[in-house]
2 protein chains.
Amino acid sequence: MIDNLDKNILNALTENARLSYAEIAKANRVSPATVHVRVEKMRKAGIITGAKLSIDPRKLGFDICCFIGIILRQAGDYPSALEKLKALPEVTEAYYTTGQYSVLIKVLVRNIDDLQKLLIERLQVIDEIQSTETLISLQTPIQRTIQAT
Amino acid sequence: MIDNLDKNILNALTENARLSYAEIAKANRVSPATVHVRVEKMRKAGIITGAKLSIDPRKLGFDICCFIGIILRQAGDYPSALEKLKALPEVTEAYYTTGQYSVLIKVLVRNIDDLQKLLIERLQVIDEIQSTETLISLQTPIQRTIQAT
DNA sequence: ACTGAAAGGTAAAAGGG
DNA sequence: CCCTTTTACCTTTCAGT
């Protein structure tokens with residue numbers, strides 16, 4: 001399926017997506033054309049889905065990161081609740097989960113006031129939501145990508 | 001601090017980090033060199049922290065994504081617990097949080113067996129950890145970056 | 001399937017308004 | 001502060017092995 005060269009290319013690019021194919025090629029003693037072919041192959045296979053710039057949300061004024069565990073009234077409420085969550089730009093991630101909560105979302109907001117408004121005026125008014133539990137993230141000490149092995 | 005051009009560049013690149021400066025320049029009716037200067041400025045300011053390849057973990061055999069809420073025995077246990085969590089490659093994210101849990105981690109594993117082994121043999125044996133609660137993510141319907149506004 | 005060379009395009013640096 | 005120009009490098013393609 002994927003060999004060592006593929007893995008090395010993936011691991012190099014997941015660290016730094018703007019690394020040139022030429023440099024990766026040199027490190028792996030192959031030609032830049034080969035790196036190009038491999039990347040295209042993995043893109044077509046759906047292994048590589050894109051490349052995103054990493055930005056520091058705090059530098060853009062989003063000082064608060066938190067997770068909100070959402071408990072829905074009924075399991076069947078999930079699709080319509082999701083549509084309403086998608087409409088909130090502060091919600092950057094959502095996970096449909098088993099366990100404690102039905103949905104776990106990650107939100108970025110500018111300050112505590114914005115968080116409070118989001119919770120009271122835009123989340124808790126959603127009919128499908130029974131209750132929410134907020135976990136404010138004080139620090140993000142680990143942030144990395146899975147290594148291809 | 002940052003103007004509209006900066007914001008447009010950020011939003012374009014957060015969507016697709018391999019977009020060429022020439023294309024961004026054309027869309028904003030400025031020269032490619034200007035885009036380059038702005039990007040460098042934002043990199044030096046710490047707004048842009050890097051670029052990462054997005055990959056599909058399932059295509060690499062990591063079929064299970066879950067969040068684990070960790071309750072520590074004592075608040076002071078955090079630094080040493082964190083070091084032990086960093087040593088586990090399956091832990092891709094960690095958040096130090098207020099509320100329900102002390103630490104929330106995101107883990108990627110290949111299958112249920114690996115999850116069970118991780119929980120029992122490598123997490124619950126950590127002295128600083130009092131208890132854990134696992135939320136298995138069945139689906140990730142929202143995954144996006146904050147928009148600069 | 002990889003390589004090497006060729007063509008086109010892009011990034012980065014320098015100079016001018 | 002932004003533009004144009006320039007140079008060097010990079011990506012991408014294709015014929016050949």
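Throughout, a chain's letter reflects where its sequence line sits, starting with A, and its residues are numbered from 1.
- When the side-chain nitrogen and oxygen atoms of A:His36 are compared with OP1 and OP2 of D:dT12, one or more of them lie within a distance under 4.0 Å.
- Across C:dC2, D:dT11, C:dG4, the shortest atom-to-atom separation from the side chain of A:Thr34 is found for C:dC2.
- Ion pairing between B:Lys84 and B:Glu128 holds under the 4.0 Å rule for side-chain N and carboxylate O.
- Taking atom CD1 on B:Ile9 and atom P on C:dA11, their separation rounds to 12 Å, with Å as the unit.
- If you take CZ of A:Arg38 and C1' of D:dT12, they are 17 Å apart, rounded to a whole angstrom.
- Toward the 5' end of DNA chain D, the nearer of the two residues A:Val37 and A:Glu23, judged by each one's closest nucleotide, is A:Glu23.
- Between the OH atom of B:Tyr21 and the P atom of D:dC2 there is a distance of 16 Å, rounded to whole Å.
- For the residue pair B:Tyr95 / A:Gln139, no side-chain donor-acceptor distance below 3.5 Å is found, with atom types taken as modelled.
- Within a 6.0 Å sphere centred on CD of B:Gln116, heavy atoms belonging to other residues, nucleotides or ligands number 12 at most.
- The residue among B:Arg29 and A:Pro32 whose nearest nucleotide of DNA chain D lies closer to the 5′ end is B:Arg29.
- Atom NZ in A:Lys41 sits about 17 Å away from atom P in D:dT12, given to the nearest Å.
- Listed candidates were C:dT3, C:dA11, D:dC10. Nearest to the side chain of A:Ser31 is C:dT3.
- The nearest whole Å value for the distance from the CG atom in A:Asp6 to the C1' atom in C:dC2 is 13 Å.
- Within a 6.0 Å radius of CZ in B:Arg144, other residues, nucleotides and ligands contribute more than 12 heavy atoms.
- Classification of the B:Tyr78-B:Tyr96 ring pair by plane angle, with boundaries at 30° and 60°, yields parallel.
- Spacing between atom CG of A:Asn16 and atom P of D:dC10 amounts to 13 Å, rounded to whole angstrom units.
- Nearest to the side chain of B:Arg18, among D:dT11, C:dT3, C:dA11, sits D:dT11.
- Each of C:dA13, C:dT3, C:dT10 was ranked by its minimum atom distance to the side chain of B:Ala33; first place goes to C:dA13.
- Rounded to whole Å, atom P of C:dA11 lies 13 Å from atom NZ of B:Lys26.
- When the P atom of D:dT12 is taken as reference, atom CZ of A:Arg43 falls 8 Å away, rounded to whole Å.
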